[in-house]
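Single-structure report; data block below.
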Number of protein chains: 2
Amino acid sequence: MANPTSLQILLETSLPAAIQTEIEKLILVGELCPGQRINEALLAERFHTSRGPVREALRALEECGLVRAERNRGSFVRSVSLGEADEIYDLREVLDEFVGRKLAECILAEQLTQLRSFLAEMDVAVARKDLTGYHQINLRFHETLVDFVGNSRLSATYRRLTKELLMYRLHGLKEGGGFSVSNAEHKTIVKAIASRDPERAGRALRTHASDSRTRMHRAAIAAGSRVAR
Amino acid sequence: MANPTSLQILLETSLPAAIQTEIEKLILVGELCPGQRINEALLAERFHTSRGPVREALRALEECGLVRAERNRGSFVRSVSLGEADEIYDLREVLDEFVGRKLAECILAEQLTQLRSFLAEMDVAVARKDLTGYHQINLRFHETLVDFVGNSRLSATYRRLTKELLMYRLHGLKEGGGFSVSNAEHKTIVKAIASRDPERAGRALRTHASDSRTRMHRAAIAAGSRVAR
DNA sequence: GGTTTGCCGATTGTCTACAAATTACTGATT
DNA sequence: AATCAGTAATTTGTAGACAATCGGCAAACC
């Protein structure tokens, strides 16, 4: 707890909301590990606040699935198993196909150029072998795709699932390689959308999700042979 | 605020969670109307507790979309517009098709008999012209279908969307008739699943969702011609 | 007359305090 | 040495109190 942690958002939104996103960061960045117990007082101290707002943030995080609460025992960082990750991928395949179909029908020219700029950025990241940078853009790319559909519930659902999937990754694998492959798929996706063929675009996105799941499985197997559990 | 409201769940789960479901009921039953401001102190008094747990419950409800919060102004019951309901139906069509495909592959004999008992119950409700009873069973029927897939995230997502859809109904329409039609569709769905044909089952469920949306639209138009907005 | 300014009540947001429960620890006992 | 009971120390859950903010109303001003 060297630095008191940013929390600059404060003015924009409410304090509990700011704490919520901050705790979320701590989880997704791995400072709070899956299964670990969350100490309210410590977090309150860290954010220079009292336990009230922290508790509110934890309730919100519980509702969105990042945290699990046990009565009189406190909150724990949810640990997402491979099986659960698989469940999430089942959903993502379905949603992604829907995204592809919709986008083929309704995407605008300027949106396509924006997608292409993401592709270029990812190419750069690949060339530099900048894995973390690549993943950042990759996330933004997919979220942008979903947002372009213009369905707020879809976006919300997608983001929720994505976060849980990120949590699984934390469980103990370092991301099995082959991210240049992933970028080739991204280009296929954009081309398919640009072709305005719903069938093709839907298939492209679904395939990408499916391949992504396969990569996860490979990484899981690799990690499984390295570490005990 | 005649009766102090049940809240018996208390022992099973945490107090904030109990309050959350209780407020949820108040919303879905229409005692708290869409757009209405939620007074924390009043709710706390009603549940014989302090504002802390109530605030935690409201945070959770905000995260799951039933409530909207404005800084320094409090929480309001979310009002779901027709446009948003449409968004939700877009998603439900996709998810329901997925449910159909999956169930055609994996459903068990005993699960089928359970579904058929729902059909019978609904027939009874139709015969009695018991609208509210029918809707209760209808909800349970669809939730059961989704649960049979065995994907917890799917179930959670589906329930979330269903709740929001229920909120739209509250906005001012009394459910345009034709619920015997809906029940005929339910039978088609069960038959399609029992046939073990994923394509057919998927189509049946998707069609049902689509028709359900159409019914909503008709009801909305009817309500629109009755009331100002 | 219409707009602005300043107060007042009501409500939210946060903090501190305390009770209840759980966990960790100590020491005796088998 | 291991186990179990009993006690101390954390930690959670809730209550109550106080400051900050918002909305409305009336008086003052242009």
Side-chain angles (χ1 to χ4, degrees), chain A residues 1 4-23 26-27 31-63 66-79, chain B residues 1 4-23 26-27 31-63 66-79:
Chain A
M1 73 166 187
T5 315
S6 49
L7 208 67
Q8 301 112 326
I9 325 155
L10 204 135
L11 296 175
E12 290 292 326
T13 176
S14 69
L15 208 173
I19 293 180
Q20 178 182 352
T21 62
E22 218 59 37
I23 296 178
L26 292 182
I27 292 175
E31 180 162 343
L32 292 173
C33 305
Q36 182 179 341
R37 178 185 190 150
I38 296 175
N39 188 315
E40 295 175 1
L42 251 56
L43 281 179
E45 190 181 357
R46 173 165 191 159
F47 296 130
H48 304 298
T49 179
S50 70
R51 281 171 47 220
V54 172
R55 285 179 64 87
E56 292 183 30
L58 288 176
R59 280 296 154 294
L61 287 172
E62 183 187 4
E63 188 63 37
L66 296 195
V67 153
R68 160 181 57 89
E70 289 181 28
R71 181 183 169 84
N72 284 327
R73 297 205 46 222
S75 302
F76 300 78
V77 180
R78 276 268 315 273
S79 74
Chain B
M1 72 166 188
T5 315
S6 50
L7 208 68
Q8 302 111 325
I9 325 157
L10 204 136
L11 296 174
E12 289 292 325
T13 174
S14 69
L15 209 173
I19 293 180
Q20 179 182 350
T21 62
E22 218 58 37
I23 297 178
L26 292 181
I27 292 176
E31 180 162 342
L32 292 173
C33 305
Q36 182 179 343
R37 179 183 190 152
I38 296 174
N39 188 315
E40 295 175 0
L42 249 58
L43 281 179
E45 191 181 356
R46 173 167 192 159
F47 296 131
H48 304 296
T49 178
S50 70
R51 280 174 49 219
V54 172
R55 285 179 64 86
E56 291 182 30
L58 288 176
R59 279 287 159 224
L61 286 172
E62 183 187 4
E63 188 64 36
L66 297 195
V67 153
R68 161 181 57 89
E70 289 183 28
R71 181 182 171 84
N72 284 327
R73 295 208 36 204
S75 301
F76 300 78
V77 179
R78 274 270 315 273
S79 74

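Letters A, B, ... are given to chains in the order of the sequence lines, protein chains preceding strands, and every chain is numbered from 1.
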| query | Mind checking what makes side chain to side chain contact (heavy atoms under 4.5 Å, CB included) contact with A/N72, not counting sequence neighbours? | reply | none
| So what does B/R37 hit on the nucleic acid, given a heavy-atom distance under 4.0 Å: a base, only sugar-phosphate, or nothing? | sugar-phosphate
| field | Partners passing side chain to side chain contact (heavy atoms under 4.5 Å, CB included) against A/R73 (at least two apart in sequence or in another chain) | value | A/E70, A/F76
| task | Determine the contact category for A/G52: base if any of its heavy atoms lies under 4.0 Å from a base atom, sugar-phosphate if only primed atoms, P, OP1 or OP2 are that close, otherwise nothing. | result | nothing
| task | Check every strand shown and say whether B/L58 touches a base, only sugar-phosphate, or nothing at a heavy-atom separation below 4.0 Å. | result | nothing
| request: Could I get the full list of salt bridge (charged side-chain N to carboxylate O under 4.0 Å, His left out) partners for B/E40, not counting sequence neighbours? | output: B/R51, B/R55
| Set of residues satisfying side chain to side chain contact (heavy atoms under 4.5 Å, CB included) with respect to B/E62, sequence neighbours excluded | B/R59, B/V67, B/A69
| remark: In this structure, CZ of A/R46 is separated from CD of A/E22 (nearest 0.5 Å) by 8.5 Å
| Which residues share a salt bridge (charged side-chain N to carboxylate O under 4.0 Å, His left out) with B/R78, sequence neighbours left out | B/E84, B/E164
| field | Along DNA chain C (nearest heavy atom to each residue), the more 5'-positioned of A/P53 and A/N72 | value | A/P53
| Between CG on residue A/L26 and CD1 on residue A/I38, distance to nearest 0.5 Å | 9.0 Å
| 5' to 3' contact window, DNA chain C with chain A (heavy-atom distance under 4.0 Å) | C/dT14 to C/dT23
| Which nucleotide span of DNA chain D, 5' end to 3' end, has atoms closer than 4.0 Å to non-hydrogen atoms of chain B? | D/dT14 to D/dG23
| note | Between B/L15 and B/P53 the two heavy atoms that sit nearest each other are CD2-CB, 4.2 Å
